[in-house]
Amino acid sequence: MLVSIVVPIYNEEENIEPLHRALKEVMDAQEYDYEILFIDDGSTDRTPSLLEEIAQKDTKVRVLTFRRNFGKAAAWSAGFDHAKGDVIVTIDADLQNDPKNIPKMVSLIGEYDVVNGWRKKRKDPFIIRRFPSIIANWLISKVTGVKLRDYGSGLKAYKADVVKNIRIYGEMHRFIPVIASWYGVKIKEIETIHHPRLRGKSKYGISRTLIVLLDLITIKFLQSFSTKPLQAFGPVGLLLGATGFLINLYLTILWFSGQSIGHRPLLLLGILLMIIGIQLIGMGLLGEMLVSVYHESQKRPLYVLKDQDNKKEGRG
Ligand code: UDP
Ligand code: MG
């Protein structure tokens, strides 16, 4: 068995060497083979040269270098695309996650397809990080129906084919377990150690919460409507449209039998219902068109690699 460890890195010059040492210490003690993929997400500090140095000395290390900062989700995607392992583990580069948790998580893959690390005693500031995250975790769990306690954890283990088929972008990385669950995978969550960030700066602040909420709407929408929008909008549209039609038919009969109907509120209701009905069905049909465009658009590049064969720019 081969385990691939995927590490997204953005300006972590002080953490790279200790991280590499800590990973090696844990992984060398396991009986299975492993590789480490460092994804340099457009770092502007000494990160690139440090990574190059490590890769030269350690044959288990591979480095992918982005042309610019594409974000953690893109870094993970690149890692997933290039990983050769049967099991893929993601871990943050800042040593807030503890490599010591990796063997337990790897051992659970097989019985489960995804193992999520739960930062039970999370060592981050309360107001700007932990508090928004409590609300976000509760909301994501409610809205998506996937019961996890810590969606944002950087430490996760996957059966390789689960993530090789998922396309993610923006802040979508926290929704990988949710997206994976649509394919019917088995998810387990275990408690993991969390350390305060000792070196370097956190890349995220409070503004991310809003983006996460918007992404949640997208996820919910995709989950409920993306495959069959006409089935979502159609029935309501048909029901309202048909009711409006019957009302207007009734009024038409009255009009032909000589009654005046111009002053009746019912006429307005009938017209309104018919228009709404037609609109909803139209929206469903438009949705069907968007679905096909959406699937096409998934082939767009999510990241561009520096130097390496740029024809492989992450197309699906
Ligand atoms: N990261 C990245 N690209 C970015 C931002 C962050 O690859 O645009 C990496 C970062 O180097 C770290 C991990 O993602 O390894 C988590 O970032 P950070 O520690 O800043 O987030 P936090 O732990 O504060 O949520
Ligand atoms: Mg961190």
Side-chain angles (χ1 to χ4, degrees), residues 5-23 36-48 50-51 54 61-83 88-99 101-102 116-137 140 149-156 168-176 192-212 215 302-306 314:
I5 299 178
V6 169
V7 193
I9 306 177
Y10 182 49
N11 291 343
E12 303 280 2
E13 56 183 8
E14 293 153 295
N15 291 312
I16 287 170
E17 274 156 348
L19 170 78
H20 177 239
R21 241 177 289 130
L23 281 174
I36 302 176
L37 278 97
F38 287 127
I39 295 96
D40 171 17
D41 184 11
S43 297
T44 51
D45 62 358
R46 286 191 307 124
T47 297
L50 288 172
L51 289 179
I54 288 177
V61 169
R62 279 197 282 154
V63 178
L64 302 173
T65 312
F66 283 0
R67 281 188 181 275
R68 62 164 170 86
N69 181 240
F70 281 90
K72 191 171 167 178
W76 273 0
S77 280
F80 299 157
D81 287 348
H82 290 83
I88 299 178
V89 176
T90 59
I91 188 165
D92 284 353
D94 56 1
L95 287 162
Q96 288 200 263
N97 302 133
D98 200 316
N101 289 127
I102 295 176
N116 187 49
W118 169 31
R119 299 167 291 180
K120 188 176 181 190
K121 298 193 186 89
R122 189 170 165 186
K123 304 285 179 4
D124 277 322
F126 184 77
I127 297 287
I128 59 160
R129 303 304 307 277
R130 267 162 47 220
F131 179 64
S133 141
I134 289 169
I135 296 175
N137 282 324
I140 295 172
R149 277 172 279 222
D150 188 3
Y151 293 88
S153 169
L155 182 57
K156 292 182 170 74
I168 46 166
Y169 52 91
E171 287 293 317
M172 289 293 181
H173 52 79
R174 71 192 57 244
F175 296 110
I176 293 180
T192 51
I193 314 160
H194 196 242
H195 302 289
R197 194 188 243 278
L198 295 178
R199 291 169 292 255
K201 281 198 208 80
S202 170
K203 277 58 190 188
Y204 300 111
I206 188 94
S207 61
R208 187 165 58 163
T209 313
L210 199 67
I211 299 168
V212 169
D215 280 347
L302 292 172
Y303 57 85
V304 186
L305 289 178
K306 200 169 170 177

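Atoms within each ligand, like the ligands themselves, are counted from 1 in listed order.
- A donor-acceptor contact shorter than 3.5 Å is absent between the side chain of Glu12 and the backbone of Ala93.
- No side-chain donor-acceptor contact under 3.5 Å links Glu13 to the backbone of Thr47.
- How far CZ of Arg62 is from CG of Leu37: 4.5 Å, rounded to the nearest 0.5 Å.
- Listed by chain and number, residues touching ligand 1 at under 4.0 Å (heavy atoms only) are Pro8, Ile9, Tyr10, Glu12, Asp41, Asn69, Gly71, Lys72, Asp92, Ala93, Asp94, Gln96, Arg129, Arg197, Ser202, Lys203, Tyr204, Arg208.
- No donor-acceptor pair under 3.5 Å is formed between the side chain of Thr90 and the backbone N or O of Leu155.
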Going through the checks in order, is the salt bridge (charged side-chain N to carboxylate O under 4.0 Å, His left out) test met by Asp92 and Lys72? CA-CA 10 Å; Asp92 284 353; Lys72 191 171 167 178; 3.1 Å; yes
Given Ser153 and Arg174, is the side-chain hydrogen bond (donor to acceptor under 3.5 Å, both in side chains) satisfied, shown in steps? CA-CA 8 Å; Ser153 169; Arg174 71 192 57 244; over 6 Å; no
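- If you count the protein N, O or S atoms nearer to the Mg ion (ligand 2) than 2.8 Å, you get 2.
- Here the side chains of Asp98 and His195 are in contact, with some heavy-atom distance below 4.5 Å.
- Aromatic ring orientation, Phe38 versus His20: perpendicular (interplanar angle above 60°, classes split at 30° and 60°).
- The only member of Arg199, Glu14, Arg197, Lys203 that meets side chain to side chain contact (heavy atoms under 4.5 Å, CB included) when paired with Asp94 is Arg197.
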